[in-house]
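Remember, predicted model here, so these are calculated numbers, not experimental data.
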Amino acid sequence: VQLQASGGGLVQAGGSLRLSCAASGRTFSIYNMGWFRQAPGKEREFVAAIVWSGARTDYADSVQGRFTISKNNPKNTVTLQVSTLKAEDTAVYYCAAANLRPRYSSTWYQGPSEYDYWGQGTLVTVSS
């Protein structure tokens, strides 16, 4: 599957953006999806994840209550609505897809190495 992220930009603190990830290739509905971000000089970190059906989501503590992930299987898209942005949210945001396979940790989706496909990233810059 190929992933294309978009929607990043420059926004003032307190503002909002809608990040989108469009998928093409194999059947999108069979993938668990995640969003990660990487700030300059820092490691890539987990932001949010959604299971293949869209029935369950999870978020990093730092974005809980401010970000919302959703998945539209018929349209082959996953969206991250980011709100109440802070300067520390500045980063390149990546969407990723994980094949369905047995997992042995309840928090496997937080690990970048668990994902099989990555988009190219979209830059979010929050000015304070």
Open item on the list: Apply side chain to side chain contact (heavy atoms under 4.5 Å, CB included) to residues V126 and V124 and explain how you reach the verdict.
Closed with: CA-CA 7 Å; V126 183; V124 173; 4.1 Å; yes
- [ ] Could you tell me the separation between the OH atom of Y94 and the CD atom of Q120, rounded to the nearest 0.5 Å?
- [x]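 The distance works out to 9.0 Å.
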Task: Distance (rounded to the nearest 0.5 Å) between N32 CG and R103 CZ - done: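 If I round to the nearest 0.5 Å, the distance is 6.5 Å.
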Task: Minimum heavy-atom distance Q81-S16, with the two atoms named - done: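 Nearest heavy atoms, Q81 then S16: NE2-CB, 4.0 Å.
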- [ ] Quickly, which of D89, T84, T57, L19 forms a side-chain contact (heavy atoms from CB on, under 4.5 Å) with F67? Name it, please.
- [x]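 Answer after filtering D89, T84, T57, L19: D89.
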TODO: May I ask you to test the T125-V11 pair for a side-chain heavy-atom distance under 4.5 Å?
DONE: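 No - every pair of side-chain heavy atoms lies 4.5 Å or more apart.
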TODO: Taking the side chain as every heavy atom from C-beta outward, state whether W35 and I69 have any pair of such atoms under 4.5 Å apart.
DONE: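 Result yes, sub-4.5 Å side-chain heavy-atom pair found.
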Without swapping roles, check the side chain of [X] against the backbone of [Y] for a donor-acceptor pair under 3.5 Å.
| X | Y | answer |
| --- | --- | --- |
| D116 | N99 | yes |
| R56 | W52 | no |
| Y109 | A98 | no |

TODO: Would you kindly check if the NZ (Lys) or CZ (Arg) of R101 is within the cone defined by 45 degrees around the ring axis of W108 and under 6.0 Å from the six-membered ring centre?
DONE: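 No; the conditions do not both hold, so R101 does not lie above the ring face of W108.
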Task: Contacts of Y117 that satisfy ring-ring contact (aromatic ring centres under 6.0 Å, His included) - sequence neighbours left out - done: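 ring-ring contact (aromatic ring centres under 6.0 Å, His included) check on Y117 returns Y31.
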